[in-house]
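Note that the coordinates shown come from a computational prediction; the quantities given were computed from them, not determined experimentally. Chain identifiers are assigned alphabetically (A, B, ...) following the order of the sequence lines, protein sequences preceding nucleic acid strands; residue numbering begins at 1 within each chain.
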Protein chains: 2
Amino acid sequence: MGLTKTENFTEAQNELAKMLKALAHPARIAIIEHLIKANACIGNDLVDVLGLAQPTTSQHLRELKEAGLIKGTIEGTAMNYCIDQVKWKQYADTLSTFFTTVNFPENCC
Amino acid sequence: MGLTKTENFTEAQNELAKMLKALAHPARIAIIEHLIKANACIGNDLVDVLGLAQPTTSQHLRELKEAGLIKGTIEGTAMNYCIDQVKWKQYADTLSTFFTTVNFPENCC
DNA sequence: ATACTATATTGCAATATTACGATTAATAAT
DNA sequence: ATTATTAATCGTAATATTGCAATATAGTAT
């Protein structure tokens with residue numbers, strides 16, 4: 001089917017899955033890492049950095065934008081993308097919480 | 001194409017993307033959360049918890065197992081799944097590093 | 001107005017993912 | 001031995017994702 005049964009799960013579970021999915025591609029990781037290094041970045045640099053075609057790059061940027069992780073401001077004819085600090089911290093918090101609220105039992109396999 | 005160009009990216013980027021992908025589905029989040037709450041778990045509980053068919057549940061469990069996040073021991077005719085503590089901490093570390101090594105510039109959009 | 005540059009969108013092909021019914025394998029119970 | 005019970009695997013249908021060529025859009029410069 002290829003279609004996730006979101007109605008079976010809680011809002012929080014769907015939300016977290018969506019967050020992880022937004023980053024679950026090496027190109028999108030590479031974009032984020034490049035933005036971190038560069039402080040800011042016009043989109044066309046990325047085409048070279050990623051080694052993907054321009055439309056593909058644009059598509060990955062859109063997914064990150066839709067996830068709220070990055071935001072872009074128009075700079076003449078170029079685009080100025082950078083990480084959305086607020087959303088980024090929100091991601092960090094949510095994931096940190098998810099990974100640290102585990103109580104490992106002694107008597108387990 | 002549907003085929004990721006992994007050769008364009010670093011080992012670390014591909015690895016991180018794969019980690020995130022393993023958890024990027026609400027059913028797999030739900031499985032992990034249930035394992036955390038229950039301490040341990042036989043697989044058939046999960047079919048009810050998730051509301052998905054038994055083969056679908058089994059498939060998600062396999063993906064988590066392949067990612068190394070959970071491990072299962074045979075318990076008679078049932079399966080005893082639990083979180084792999086070592087791998088879990090490794091995930092937590094890697095993600096924490098990724099999210100905290102960001103230096104936000106002042107002069108950005 | 002025309003040409004140039006940078007990014008977005010569209011359309012499409014190939015592969016991946018999600019889900020389930022049917023079947024299989026392996027142990028447990030009668 | 002036969003019959004449950006539990007979980008894995010196979011096969012398949014439907015949808016999603018990835019990637020690119022072609023095109024569109026929008027601003028810049030001449």
Side-chain angles (χ1 to χ4, degrees), chain A residues 1-9 13-14 17-31 34-35 40-67 70-82 109, chain B residues 1-9 13-14 17-31 34-35 40-67 70-82 109:
Chain A
M1 294 173 168
L3 179 77
T4 298
K5 280 196 158 182
T6 49
E7 71 272 17
N8 280 31
F9 309 103
Q13 287 165 342
N14 286 315
K18 225 166 85 179
M19 283 172 51
L20 293 161
K21 204 168 173 184
L23 284 169
H25 191 290
R28 297 197 283 274
I29 301 279
I31 289 172
H34 188 67
L35 285 177
C41 173
I42 48 171
N44 229 36
D45 298 14
L46 282 171
V47 176
D48 295 332
V49 172
L50 302 182
L52 297 173
Q54 181 267 321
T56 310
T57 306
S58 185
Q59 196 174 302
H60 283 303
L61 283 166
R62 187 173 57 183
E63 279 174 69
L64 287 172
K65 201 160 45 176
E66 267 164 14
I70 65 174
K71 52 187 178 179
T73 52
I74 300 168
E75 190 91 6
T77 172
M79 216 44 197
N80 213 355
Y81 280 113
C82 68
C109 45
Chain B
M1 293 172 169
L3 178 77
T4 299
K5 281 196 156 184
T6 49
E7 70 273 18
N8 282 28
F9 308 102
Q13 287 165 343
N14 286 315
K18 225 167 84 180
M19 280 172 53
L20 292 161
K21 205 168 172 182
L23 283 169
H25 191 289
R28 297 197 283 275
I29 302 278
I31 288 171
H34 188 67
L35 285 178
C41 174
I42 47 172
N44 228 37
D45 298 13
L46 281 171
V47 177
D48 294 332
V49 172
L50 301 182
L52 296 173
Q54 181 267 322
T56 309
T57 305
S58 186
Q59 198 172 301
H60 283 303
L61 284 166
R62 186 173 56 182
E63 279 175 69
L64 287 171
K65 200 159 44 176
E66 268 165 14
I70 65 174
K71 52 187 179 178
T73 52
I74 300 167
E75 190 91 7
T77 173
M79 216 42 196
N80 214 356
Y81 280 113
C82 68
C109 46

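- Five base pairs at each end of the helix from dA1(C)-dT30(D) to dT30(C)-dA1(D) define two local axes, and these are offset by 10° (rounded to 10°).
- Partners of T6(A) under the side chain to side chain contact (heavy atoms under 4.5 Å, CB included) rule, at least two apart in sequence or in another chain, are T4(A), N14(A).
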Which side-chain N or O atoms in residues 40-63 of chain B pair as donor and acceptor under 3.5 Å with protein atoms at least two apart or in another chain?
from	atom 1	to	atom 2	distance (Å)
T57(B)	OG1	A53(B)	O	3.0
H60(B)	ND1	R28(B)	NH1	2.9
E63(B)	OE1	R28(B)	NH1	3.2

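- Qualifying side-chain hydrogen bond (donor to acceptor under 3.5 Å, both in side chains) partners for K5(B), counting only residues two or more places apart in sequence or in other chains: none.
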Taking N or O atoms only and anything under 3.5 Å, show me the protein contacts with nucleotides 12-16 of chain D, one pair per line.
from	atom 1	to	atom 2	distance (Å)
dA13(D)	N1	M1(A)	N	3.0
dA13(D)	N3	M1(A)	N	3.0
dA14(D)	N3	M1(A)	N	3.0
dA14(D)	N3	M1(A)	O	2.6
dA14(D)	N3	G2(A)	N	3.2
dT15(D)	O4'	M1(A)	O	2.3

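- Taking 4.0 Å as the cutoff to heavy atoms of chain A, we find the contact window on DNA chain C bounded by dT5(C) to dC20(C).
- For G72(B) against Y81(B), the heavy-atom pair with the smallest separation is CA-CD2, 3.6 Å.
- Expressed to the nearest 0.5 Å, how far CE of M19(B) lies from CG of L23(A) amounts to 11.5 Å.
- The distance from atom CG of L20(A) to atom NZ of K21(B), rounded to the nearest 0.5 Å, is 13.0 Å.
- Here E63(B) lies in heavy-atom contact (under 4.0 Å) with sugar-phosphate atoms only.
- For the side-chain hydrogen bond (donor to acceptor under 3.5 Å, both in side chains) test, residues two or more places apart in sequence or in another chain that qualify with E75(B) are N80(B).
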>> Protein within reach of the bases, or only the backbone? For nucleotides 4-9 of chain D, mark each nucleotide 5' to 3' as B, S or -, using heavy atoms under 4.0 Å.
In response: -BBBBB
